[in-house]
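Encoded as structure tokens, the structure appears first; notes follow it.
Just so we're on the same page: letters track the sequence lines, and every chain starts at 1.
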Amino acid sequence: MRMAPSASGPLHIGHARMAILNDEYFRRYGGKLVLRIEDTNPTNNEPEAYQMIQDDLHWLDVNFTDLVIQSKRFELYYSEMKNLIEMRKAYVATSPTEEFKSRKQQGMPIKERDETPEENLERWDKMVSGDYAKGEAYAVVKTDLTHPNPAIRDFIAFRIVDTPHPLEGDRYKAYPMMNFSVAVDDHYNGLTHVIRGKDHTANTEKQKYIFGYRNWKLPFYLHYGKVSIEHTILKTSLIKKGIRSGEFTGWDDPKLGTLVALKKRGFSPLAIRKYYVESGIGSVDTTFSWEIFYSFNRKIIDNVSPRHFFVNQPVSLKFEFEGKLKASIPLYPQTGNSATQEKREYLVGKGSISITSQDYQKFKGELVRLKDLGYFKIGDENIEYIGQEILEDVQKWNPGRPLGKVPIIHWLSGNDVPFKVIKPDGTSEEGLLEKDALRFTGKVNQFERYGYVNVLDEKEGYFTHP
RNA sequence: GCUCCGGUAGUGUAGUCCGGCCAAGCAUAUCGGCCUUUCGAGCCGACGACCCGGGUCCAAAUCCCGGCCGGAGCACCA
């Protein structure tokens, strides 16, 4: 099995499918899992990508057995190409590419195609040694000029590049095209199975020609369908531009679909794995369902997320009360029994109590239950303690609300710090956060009645999902 | 336009190869109920699909033909 991302940037949620699918087969059937970084287009290469890709895979718990970097293998590609030219299966052309394309369209060869290996070899040597300038020459692998699908007819295997390579500098001038290097590497990396997106189906046909000429054993190919991931920015070039312009804070900006961004938002890599394993390898195109993904993640993180109160857009209400009320609120209500549970404990007395403006608007003048504190009546500017139990008919207090249903809302009183939650759509919400949550920075907390938030530091956090 | 590939509930899938056990399973979403001092979790229930038309067959989501719709590729990117 192999994973072959390009060295243009970190992996995103779309790449994760390729990685997970290959890894799942690897886990099930063994063999080897090759990470091959395809960096044969220097204009798109990002020097930091080599490391970022490996970090992303480790985070996903995808443990590759071999690392192959294509720019280290030019000598192999060159010797293979020379081989093909000698076999009359490839040629080197200096004719304009417009002519190459149009004749191909008509099923006609350009003149170099029929020239002798000696003539082509001579041009090939000049190409490798850098005697041609960018655009002056290119090497082509023969397929079948009469192939019914024009996309499969003779394809370019090498071109001249004068942009320096991030790893190799100006050492090479002749750069292999993806279809050539992939075929050669798939063979020499000893791959028996290739799983990749269906955008490669035509490429597979081209690559098979090289396998045929060399009599190599063909791997088993599987192409999965396209996943469209809505409401998310994935395109590396766009992200780079956005980072430069300051629109994004970095590769891990919460608006992005990169794995580092999802990590920072507090997603579990297990949720990503589960999602793609359940999606399978069908060739149908699908739309990525954030809802299902969120649900998987929620189930994974729910038990380990401490609960805290976050009052966004707080309204402060005066609390005139002689004495102290004790609040004892479990940190992990899902786990353990109530006696041994870890709790947050507060004493609330005269002063003020904050609730969200949303709750204030909705329940003004009514009876509510402040979670784990007691029954209260919300006034215009103050809040009044009623008691721990309400024996009378609730409807006496809240006419119009259903019987026995007192709204339970969250609150803060003196035990809070200002906090900002940054959402994936780029907006943010400010409010008060229970101070105890700061003990859990770097972790996902569940802000009760609000959602899951990865608390990054004492000032802000990224919204994970509801 | 050319060449391939594919169409199961709102979404994601199981079943299609080798027709019957599929009056179509699961998950998610939505709605309702129970439980609960979170609108979370859990439990129960409801909702909701085989693209259309022919054909073969005792029997078709499954096989065949036609149509419709969708996607991929057609680079000196990967």
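- When heavy atoms are screened at a 4.0 angstrom cut-off, His223(A) is found touching no nucleic acid atom at all.
- Figure legend: cation-pi geometry between Arg369(A) and Tyr375(A), with NZ or CZ positioned under 6.0 Å from the six-membered ring centre and within 45° of its axis.
- The Thr286(A) side chain lies nearest to U13(B) when the options are C76(B), U37(B), U13(B).
- Taking the six-membered ring where the residue is Trp, the centroids of Phe180(A) and Phe158(A) are separated by under 6.0 Å.
- Between G7(B) and G45(B), the two P atoms lie 32 Å apart (nearest whole Å).
- Within the structure, a side-chain polar atom (N or O) of Lys226(A) is placed less than 4.0 Å from OP1 or OP2 of A72(B).
- Taking atom C1' on both nucleotides, C69(B) is separated from C52(B) by 10 Å, rounded to a whole Å.
- You'll find that the side chain of Met177(A) is closest to A75(B), out of G73(B), G40(B), A75(B).
- When both pairing distances are held under 3.5 Å, C43(B) makes a Watson-Crick or G-U pair with G33(B).
- Here U38(B) presents its P atom at 12 Å from CZ of Arg344(A), a figure rounded to the nearest Å.
- An OP1 or OP2 oxygen of A78(B) is reached within less than 4.0 angstrom by no side-chain nitrogen or oxygen of Arg196(A).
- Taking atom C1' on both nucleotides, A61(B) is separated from G6(B) by 15 Å, rounded to a whole Å.
- Taking every side-chain heavy atom of Glu38(A) into account, A78(B) is the closest of A78(B), A27(B), C2(B).
- Separation of the C1' atoms belonging to U36(B) and A29(B) is 23 Å when rounded to the nearest angstrom.
- Comparing C17(B) with U62(B), their C1' atoms sit 10 Å apart, to the nearest whole Å.
- Counting atom types as modelled, Glu205(A) pairs no side-chain N or O with a base atom of U3(B) as donor and acceptor under 3.5 Å.
- Among the nucleotides A27(B), U11(B), A78(B), the one closest to the side chain of Phe296(A) is A27(B).
- Of all nucleotides present, none satisfies the Watson-Crick or G-U wobble test against G19(B) with each distance under 3.5 Å.
- Ring-centre distance between Phe319(A) and Tyr385(A): not below the 6.0 Å cut-off.
- The partner of A78(B) is absent, by the rule that a Watson-Crick or G-U pair needs both atom distances under 3.5 Å.
- Note on Asn203(A): a base of the nucleic acid sits closer than 4.0 angstrom, heavy atoms only.
- A distance of 7.0 Å separates OG in Ser305(A) from CG in Asn445(A), rounded to the nearest 0.5 Å.
- For Tyr275(A), taking side-chain heavy atoms from C-beta onward, the closest of the listed nucleotides G12(B), G6(B), U37(B) is G12(B).
- Across all strands shown, nothing is found opposite U56(B) as a Watson-Crick or G-U wobble partner with both distances under 3.5 Å.
- The six-membered or imidazole ring of Tyr450(A) lies near that of Phe463(A), with a centre-to-centre distance under 6.0 Å.
- Distance, Leu222(A) CG to G6(B) P: 12 Å, rounded to whole Å.
- Using a 4.0 Å heavy-atom distance criterion, Asp372(A) is classed as a base contact.
- Where Glu278(A) and Asp359(A) each meet RNA chain B at their nearest nucleotide, the meeting point lying more 5' is that of Glu278(A).
- Rounded to a whole angstrom, the distance from the P atom of G53(B) to that of A60(B) is 14 Å.
- Using a 4.0 Å heavy-atom criterion, one finds that Gly135(A) contacts the bases of the nucleic acid, with or without backbone contacts as well.
- In this structure, the separation between CG on Asp186(A) and CZ on Phe211(A) is 5.0 Å, given to the nearest 0.5 Å.
- In the set G12(B), U3(B), U28(B), the nucleotide with an atom closest to the side chain of Ser279(A) is G12(B).
- Taking the six-membered ring for Trp and the full ring otherwise, the centers of His308(A) and Phe447(A) sit at least 6.0 Å from each other.
- Distance, Met178(A) CE to A75(B) C1': 12 Å, rounded to whole Å.
- Within the cation-pi definition used here (under 6.0 Å to the ring centroid, within 45° of the axis), Arg17(A) does not qualify as a partner of Tyr275(A).
- Each of A72(B), U3(B), A78(B) was ranked by its minimum atom distance to the side chain of Asn149(A); first place goes to U3(B).
- The residue Tyr452(A) sits close only to the backbone: its heavy atoms come under 4.0 Å of sugar-phosphate atoms, none of a base.
- In this structure A72(B) sits in a base pair with U3(B), meeting the Watson-Crick or G-U test at under 3.5 Å.
- Taking only side-chain atoms of Thr287(A), from C-beta outward, the nucleotide of G12(B), U3(B), G71(B) with the closest atom is G12(B).
- Comparing G10(B) with U30(B), their P atoms sit 15 Å apart, to the nearest whole Å.
- Closest to the side chain of Ile292(A), out of U28(B), G6(B), U37(B), is U28(B).
- Across all strands shown, G12(B) forms a Watson-Crick or G-U wobble pair, both distances under 3.5 Å, with C26(B).
- Of the side-chain N and O atoms in Thr40(A), one or more sit less than 4.0 angstrom from OP1 or OP2 of A78(B).
- Residue Lys299(A) has a polar side-chain atom (N or O) positioned under 4.0 Å from OP1 or OP2 of U28(B).
- For the pair Arg298(A) and A41(B), the criterion of a side-chain N or O lying under 4.0 Å from OP1 or OP2 is met.
- For A49(B), there is no paired base (Watson-Crick or G-U wobble, both distances below 3.5 Å).
- The shortest distance between the side-chain N/O atoms of Arg153(A) and the OP1/OP2 oxygens of A75(B) is not below 4.0 Å.
- Set against C74(B), U3(B), A78(B), the side chain of Ala151(A) has C74(B) as its closest nucleotide.
- Rounded to whole Å, the C1' atom of C50(B) lies 47 Å from the corresponding atom of U37(B).
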